[in-house]
Amino acid sequence: MKKYETIIGLEVHAELLTETKMFCSCPQKFGGEPNTRCCPVCLGLPGALPVLNRRAVDLAVLAGLATSCDVATQCKMDRKNYFYPDLPKAYQISQMDLPLCRNGYLTIDAKEGEKRIGITRIHMEEDAGKLIHDPTEGTLIDFNRCGVPLIEIVSEPDLRSAEEALAYLQKLRSVLLYVGASDCRMNEGSFRCDVNLSVRPVGEWALGVRTELKNLNSFSFTARAIEYEAARQINILEAGGQVLQETRRFDPSSGKTLPMRSKEDAADYRYFPEPDLPYIVLSREHISALGATLPMLPDERRKRYREVFGVSAYDASLLVSDRSMADYFEAAAPLTAYPKLLANLMITDLMKLNREEYFSCPISPAHMAEVADLLGNGAVNSSTAKKLTVWLWKKDQSPRTLVEEKQLSQIRDESVLRSAVTEMLAENPKLLADYRGGKLAAAKAMTGRVMAKTEGRADPLILDKILKEELSRTAHL
Amino acid sequence: MKTLLDRTLTEHIRALEAREYSSLELTRAYLDRIEEIDSEIGAYLFVNTDEALKQAVASDLRRRRGDTRSILDGIPYGAKDNLCTKGIPTTCGSRYLEHYVPPYSATVIERLAAAGCVFLGKLNMDEFAMGSTTEHSAFHPTKNPHDPTCSPGGSSGGSAAALAANEAVFTLGSDTGGSIRQPASHCGAVGIKPTYGSVSRYGLCAFASSLEQIGPLTRTVSENATILSFLQGQDPRDATSRSAPVDSREHTIALHTLRIGLPRELFSKDIAPEVRSRALDAAHMLEKLGALVEEVSLPSLTYAAPTYYILSAAEASSNLARMDGVRFGRRAEGVRDPEALYCRTRSEGFGEEVKRRILLGTFFLSRDRYDEYYKKAFRAKLLIQAEMTSCFANCHLLLSPTAFTSAPQLGIRESDPAAIHRRDLCTVPANLAGIPALTVPFGKDCCGLPIGVQLMGPLWSEPLLYKVGEELERIRAKEWGGR
Amino acid sequence: MELNLDFPKLARLAQLSFSQEEESALRKDLMRIADFAREVSELPDEANSLRAEGICLLREDRVGSCLSPCDILAAAPAHEKGMITVPSVMEDSHEDPS
């Protein structure tokens with residue numbers, strides 16, 4: 001059997017984080033009662049006219065700059081004409097031959113190392129309404145989503161596997177979140193992905209017939225769909241058949257892709273320049289000014305955390321996965337002598353305490369930095385540090401003050417610890433017997449009992465040393 | 001002593017201020033007139049009787065309190081039925097929108113309401129503004145008050161006829177390829193297609209977005225200028241709208257320094273002799289008053305009519321696609337298949353002319369034909385624009401006939417559909433170039449039908465057009481006395 | 001000049017239907033008008049691309065007023081549960097963009 005390679009290109013639609021829709025001032029928000037966020041413009045009533053949202057353009061430019069695209073100083077909108085119940089004007093205002101951004105890329109970690117995935121173009125367009133299929137009433141239409149601003153990001157067919165596709169999607173999502181262009185919630189429809197996939201024998205340069213996969217509602221569906229479709233196409237070719245150019249949807253229950261019903265001849269969208277919207281002109285100064293507002297992007301930040309703050313690669317990746325968490329780390333890290341510990345505390349403790357979708361912490365970065373310092377210089381042990389963060393989460397205050405008030409400082413006084421150990425041994429003869437009998441787990445339990453006695457304040461290393469000493473001292477008894 | 005309905009706007013304004021009569025009396029006079037004569041003329045599709053009276057009463061109340069909104073407070077007018085009027089049926093002359101009531105009003109309607117005008121009703125038109133005789137209205141044709149066997153022109157036939165029949169002080173129309181100017185010419189009215197973008201199109205049911213403008217029809221030039229001043233001005237709801245640049249205000253060009261061009265291409269041999277001679281008379285008389293008149297050549301205008309047809313049909317095919325029976329308008333009964341729903345609804349709701357233009361527009365935009373038709377026409381439009389702009393470097397304005405003939409007979413069925421479109425030649429250049437164009441009545445033909453003369457100027461030259469238009473009015477009054 | 005007008009395809013794209021008589025009458029008309037329109041192709045192609053005038057007016061991202069669902073549904077030919085209804089579109093049929 002020949003070896004095949006899979007050629008994948010992705011088209012992502014992301015809803016832009018604006019207050020209002022693309023061409024009218026209706027609010028855009030997820031959810032809400034049907035048809036409560038509509039006006040003559042987004043409903044396509046006769047006589048209504050579109051007016052472009054300035055913020056949508058700026059966010060689209062930021063997305064382009066963050067993906068190293070060339071941003072056009074002049075572009076235009078076009079009409080894409082077709083009939084469908086979710087499309088009120090019977091045309092979508094989009095961009096055809098003069099898109100806003102072109103020739104960008106994203107870098108992903110592929111099997112063979114870093115790989116650049118080309119971005120052919122990013123253009124602006126408007127979303128359509130929502131169709132709900134009802135068994136008795138027919139098809140119901142909610143126009144709330146109609147006119148929501150979208151950017152379409154088209155990748156070059158540079159991806160070769162489901163893993164690479166996911167890496168690209170993660171990276172793209174992260175970049176868009178970082179620049180604040182979109183909230184990228186696939187489950188709310190603000191981040192949608194279509195896959196274009198073909199296969200060809202390794203060594204051939206001609207591209208095979210490609211199919212388009214739609215309705216991929218999660219990253220995992222996308223991966224599974226890619227794997228199934230690649231295998232399906234390979235099987236067809238191996239059997240001597242031809243792949244049909246078509247659009248298919250993914251069926252999660254069977255794990256298969258299935259053909260979608262569509263019109264027989266390829267649609268003729270009769271694109272022409274939108275006469276109601278003159279050319280969009282952006283000065284180089286404006287584009288530069290937007291570029292200056294770009295936050296440092298995830299890749300750069302990861303590098304910085306490792307080089308400047310000594311954070312491990314793994315921890316750095318976790319920190320940059322959420323922009324507000326990364327921002328928080330950057331605010332706190334310079335204030336502590338122990339940024340690595342800070343990173344740890346954030347990942348193990350703060351992330352757990354945070355219940356929001358985005359990282360949101362009520363503890364001031366300065367106070368968190370203090371906790372890292374207290375832990376780092378041995379003033380408290382790690383379990384106390386954990387307790388501190390819980391208390392600070394409930395009420396933000398100076399950890400040093402809290403430590404003093406509650407007397408949480410780590411006990412390092414050997415005589416104090418020795419008497420605690422001695423007490424524990426006297427109170428737990430069975431444990432001691434178990435230990436002597438060879439049950440090593442008993443040692444851990446004994447440590448735990450001493451810890452409890454000291455209200456968790458014992459310095460674990462010193463405690464360990466003393467416990468060992470006492471056990472060996474009394475071993476002969 | 002003029003009858004109430006014969007008075008001009010200026011006279012009404014003075015009289016209302018002097019409390020000679022009230023807005024209520026004035027409005028009643030017009031409503032009575034409509035009731036008396038409109039079953040014959042057929043200018044109105046909807047008469048806003050109850051509301052108009054209420055508005056008149058409110059206007060009088062404001063006047064008594066010394067609280068009038070503007071000089072137009074209490075003045076009654078009618079609007080073409082493709083202008084959205086909240087709560088009032090807006091049909092565009094089509095069965096598809098026969099029962100459509102918009103939930104909002106066009107910007108121009110809002111501006112006139114804010115000025116205190118009284119709204120008399122909606123005026124008949126060719127369906128979706130496609131046509132030049134108003135016979136393509138799905139409801140009924142309108143008759144020319146000068147001769148009821150003749151059409152008033154189109155597509156703003158109702159707007160022109162209502163004016164000529166004294167059924168409103170002024171009316172609003174829309175002009176995509178001459179639809180204000182040609183009916184104004186056929187009915188002896190003053191009509192203007194303003195500079196593209198100077199009047200907001202928000203609320204105008206679109207036919208050809210890049211070509212059309214809303215404008216007033218009036219009996220005199222100065223009334224026209226007054227009304228236009230209330231309509232012009234950038235509207236944040238129309239991205240193609242803009243306000244006049246500061247330096248384009250009042251051109252004071254004395255007649256003896258005025259240079260007038262007569263475009264050879266617009267004095268086609270197909271123009272009716274009497275129409276042509278009226279235009280030449282106008283030029284000669286202005287010359288006698290000191291203006292410099294010379295023939296100019298604008299070769300790109302040879303392509304103006306087909307260029308207009310392609311661009312307008314293409315845009316229309318897209319603009320009218322929203323009439324699909326889903327959210328508003330008529331929907332075909334008993335259809336189970338959603339695609340058949342669109343097809344049946346549209347085929348039942350649209351008339352022949354509309355279907356023809358949509359089909360052709362679709363053809364001109366189709367993938368294999370786009371370059372050959374639409375793209376070429378778009379280029380032609382830019383060439384025409386450029387040629388006219390450079391022409392205005394050598395003359396202040398252009399003068400030509402407005403229409404090829406005087407008002408045609410009703411009921412003529414043209415065998416060659418292209419011939420009708422060729423006769424748009426004089427009016428379409430202004431739409432293609434975006435420049436303002438004014439038509440002024442200038443005499444009648446031997447059958448007593450009015451003839452109009454057209455003045456075109458560079459962008460934002462409305463003040464100059466009005467000034468020269470008034471000159472033509474004075475000349476006309478001297479030559480033929482009155483109308 | 002014979003023009004190849006794919007009538008059924010155009011009618012489908014435009015969502016219009018015609019009787020036999022309407023179609024044959026229209027075919028003739030369309031040919032004539034298309035011929036007349038073709039005169040523009042006599043114009044030479046310009047080497048430099050001419051661009052239309054006008055710079056886009058942009059809108060601030062501020063919420064304005066909406067129509068009430070009542071107003072929206074009042075104009076609709078059919079509605080149910082606060083939404084406009086049409087005969088069932090096939091669940092797995094598709095059109096862009098979602």
Side-chain angles (χ1 to χ4, degrees), chain A residues 13 18-20 23-27 33-40 43 45 51-57 74 80 82-87 92 125 127-128 131-134 137-143 150 152 189 192 214 247 249 258 260-262 265 267-268 270 273 277-281, chain C residues 4-17 30 34 37 40 46 48-98:
Chain A
H13 287 92
T18 53
E19 293 292 314
T20 61
F23 298 114
C24 65
S25 50
C26 290
E33 285 300 300
N35 297 312
T36 51
R37 303 203 185 103
C38 307
C39 74
L43 273 175
L45 295 184
V51 185
L52 189 52
N53 183 334
R54 179 189 296 280
R55 180 104 184 105
V57 179
Q74 275 182 27
K80 179 181 184 185
Y82 64 94
F83 286 89
Y84 206 61
D86 65 2
L87 195 66
Q92 179 197 32
E125 59 185 29
D127 211 343
L131 298 182
I132 296 158
H133 304 285
D134 187 292
E137 307 296 348
T139 296
L140 306 169
I141 317 172
D142 173 12
F143 292 99
L150 295 176
E152 180 175 327
R192 295 169 228 161
K214 279 173 150 339
T247 305
R249 65 179 176 85
L258 300 167
M260 282 177 96
R261 244 166 284 200
S262 65
D265 27 11
D268 180 354
R270 288 151 285 138
L277 293 171
Y279 270 58
I280 301 157
V281 175
Chain C
N4 188 10
L5 261 154
D6 185 345
F7 199 96
K9 179 171 178 202
L10 286 179
R12 201 165 46 240
L13 281 175
Q15 290 293 322
L16 293 171
S17 65
L30 295 184
V40 284
E46 289 289 305
N48 51 323
S49 73
L50 302 161
R51 150 163 128 54
E53 291 295 314
I55 291 178
C56 204
L57 180 77
L58 296 175
R59 182 177 56 80
E60 294 307 315
D61 189 26
R62 262 195 297 271
V63 175
S65 57
C66 295
L67 288 175
S68 72
C70 291
D71 283 337
I72 297 170
L73 299 175
H79 62 90
E80 206 59 52
K81 303 177 185 172
M83 289 179 271
I84 294 177
T85 58
V86 288
S88 271
V89 174
M90 284 296 113
E91 204 151 343
D92 62 351
S93 69
H94 78 96
E95 259 305 347
D96 300 87
S98 56

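Quick caveat: nothing in here was measured; it's all calculated off a predicted structure. Every chain is numbered from 1, with letters handed out A, B, ... down the list of sequences.
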Checklist entry - Side chain, backbone, both or neither: which part of A:Pro40 has a non-hydrogen atom closer than 4.5 Å to chain C? => result both
Item to check | Most contacts with chain C, counted as non-hydrogen pairs under 4.5 angstrom, among A:Glu33, A:Arg55, A:Arg37 | outcome: A:Arg55
Next on the checklist: Only pairs of heavy atoms separated by less than 4.5 Å count here; which of A:Cys39, A:Cys26, A:Gly138, A:Ser25 has the most with chain C?
Outcome noted: A:Ser25
Item to check | salt bridge (charged side-chain N to carboxylate O under 4.0 Å, His left out) involving A:Asp134 - partner list, sequence neighbours excluded | outcome: C:Lys81
Next on the checklist: Quick check for you: to the nearest 0.5 Å, what is the distance between A:Asp86 atom CG and C:Ile84 atom CD1?
Outcome noted: 12.5 Å
Checklist outcome for this item: Residues A:Pro27 and C:Cys66: closest non-hydrogen pair is CD-SG, 3.5 Å
Checklist entry - With side chains defined as the heavy atoms from C-beta onward, is the minimum distance between A:Asp142 and C:Met83 less than 4.5 Å? => result yes
Next on the checklist: What part of A:Pro85 gets within 4.5 angstrom of chain C, counting heavy atoms only: side chain, backbone, both, or neither?
Outcome noted: side chain
Item to check | Non-neighbouring partners of A:Arg270 that pass side chain to side chain donor-acceptor pair (under 3.5 Å), sequence neighbours left out | outcome: none
Next on the checklist: Does A:Cys38 form a side-chain contact (heavy atoms from CB on, under 4.5 Å) with C:Leu67? I'd like the steps, not just the answer.
Outcome noted: CA-CA 6 Å; A:Cys38 307; C:Leu67 288 175; 5.5 Å; no
Item to check | Residue, of C:Ile72, C:Leu13, C:Thr85, that accumulates the most heavy atom pairs under 4.5 Å with chain A | outcome: C:Leu13
Item to check | Structural part of A:Leu43 lying under 4.5 Å from a heavy atom of chain C | outcome: side chain
Checklist entry - Within the distance-only criterion (no hydrogens, no angle test), does the side chain of C:Asp61 pair as donor or acceptor with the backbone N or O of A:Ala56 below 3.5 angstrom? => result no
Checklist entry - Does any heavy atom of chain A fall under 4.5 Å from the side chain of C:Pro69, the backbone, both, or neither of them? => result both
Item to check | Contacting region of A:Phe23 [heavy-atom separation from chain C under 4.5 Å] | outcome: backbone
Checklist entry - Would you say the side-chain atoms of A:Arg54 pair up with the backbone N or O of C:Glu60, donor to acceptor, closer than 3.5 Å? => result no
Checklist outcome for this item: Bottom line for A:Ile132: the part with an atom under 4.5 Å from chain C's heavy atoms is side chain
